[in-house]
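So you know, we letter chains A, B, ... as the sequences are listed, proteins then strands, and number each from 1.
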2 protein chains.
Amino acid sequence: MEMNQLNSSYIGAEYTMSIISGKWKPLIIYHLRQGTKRYGQIKRLVPDASPKVLIQQLKELEHDGIINRKSYPEVPPKVEYSVTAKGRSLYPVLDLLWFWSHQKL
Amino acid sequence: MEMNQLNSSYIGAEYTMSIISGKWKPLIIYHLRQGTKRYGQIKRLVPDASPKVLIQQLKELEHDGIINRKSYPEVPPKVEYSVTAKGRSLYPVLDLLWFWSHQKL
DNA sequence: CCGAATCCAGTCGGATACTG
DNA sequence: CAGTATCCGACTGGATTCGG
């Protein structure tokens, strides 16, 4: 599949965008990129996200196979989030999005 | 600026996404990529977009410097839309978004 | 031909309080 | 500690009608 001869319009670009669009998703992925983190850590790293929204975005990322949720049956509860292989394949995409925005034209 | 050592989180990725997120924007850019088009042509190429929304997305793309609007003072009116240099710099981004969505993992 | 104006439904994120 | 539950305002896109 050639990158310099794309044909079938941009149907599919929307799909990728739907996965990473969500107010806190890029930031969540960025932090998890540095390593596995517990829920409380993420909450502190993304303090402006309300618990409802934060959990919601984590669930969506998990549902889309971008991150993995591991729950430990302990008291108190412990939950760890990490990036999956599919999620790591997203790094170049996010990097390019970031790069474009910082580009001077 | 190194692509393999991004630091300042992903602030900026959201900015790029905000520019191309909009229900018909990728499709509009795709069609304009084939060459300058009149409003009526775009309307026919993106038939499911209502006139209000279509004009709205075209205006946003114009405001963000992605496309150019050229109006000819004729009767009947004639308006042409084309992609700017900044818009063309967006092709690799859209291509990568498209490519990622078609990738098998 | 190229839009503008109005009204409307659905989705998204935020604030706050509460729970196993 | 790691979430749920409820309510709510803002924004986005859609349907339709009208105008220069």
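E60(A) places its CD atom 13 Å from the P atom of dT11(C), with the value rounded to the nearest Å. Rounded to whole Å, atom C1' of dA5(C) lies 17 Å from atom CG of L54(B). Taking atom CG on D48(A) and atom C1' on dG13(C), their separation rounds to 13 Å, with Å as the unit. What separates CE of M17(A) from P of dT11(C) is a distance of 18 Å, to the nearest Å. Distance Q57(B) CD to dG3(C) C1': 15 Å, rounded to the nearest Å. Taking atom NZ of K23(A) as the reference point, atom C1' of dT11(C) lies 15 Å away to the nearest angstrom. For the pair I20(A) CD1 and dC12(C) P, the interatomic distance rounds to 16 Å; values are reported in whole Å.
Look at R69(A) and E80(A) and you find no salt bridge, because none of the NZ, NE, NH1 or NH2 atoms lies under 4.0 Å from a carboxylate O. Under 4.0 Å is where a charged nitrogen must lie from a carboxylate oxygen, and between D64(B) and K59(B) no such pair does. A salt bridge is absent between E14(B) and K23(A): the closest approach of a Lys/Arg side-chain nitrogen to an acidic carboxylate oxygen does not fall below 4.0 angstrom.
A sub-4.0 Å separation between OP1 or OP2 of dC12(C) and a side-chain N or O of W24(A) is absent. Applying the 4.0 Å criterion to OP1 and OP2 of dG13(C), one finds that Q56(A) has a side-chain N or O inside that range.
Cation-pi geometry between R38(A) and Y81(A) is not met: the NZ or CZ atom fails to fall both under 6.0 Å from the ring centre and inside 45° of the normal.
Side-chain contact between V53(A) and S50(A) is present, with at least one heavy-atom pair separated by less than 4.5 Å.
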Between N or O atoms, less than 3.5 Å apart, protein on one side and nucleotides 2-4 of chain D on the other: list the pairs.
residue: dA2(D); atom: OP1; partner: R38(A); partner atom: NE; Å: 2.9
residue: dA2(D); atom: OP1; partner: R38(A); partner atom: NH2; Å: 2.9
residue: dA2(D); atom: OP1; partner: V79(A); partner atom: N; Å: 3.3
residue: dA2(D); atom: OP2; partner: G40(A); partner atom: N; Å: 2.9
residue: dG3(D); atom: OP1; partner: R69(A); partner atom: NE; Å: 3.3
residue: dG3(D); atom: OP1; partner: R69(A); partner atom: NH2; Å: 2.5
residue: dG3(D); atom: OP2; partner: Y81(A); partner atom: OH; Å: 3.0
residue: dT4(D); atom: OP1; partner: K59(A); partner atom: NZ; Å: 2.9

Check your understanding: What do the steps show when you test I11(B) against W98(A) for side-chain contact (heavy atoms from CB on, under 4.5 Å), and what is the final call?
Key -> CA-CA 7 Å; I11(B) 310 298; W98(A) 178 90; 5.8 Å; no
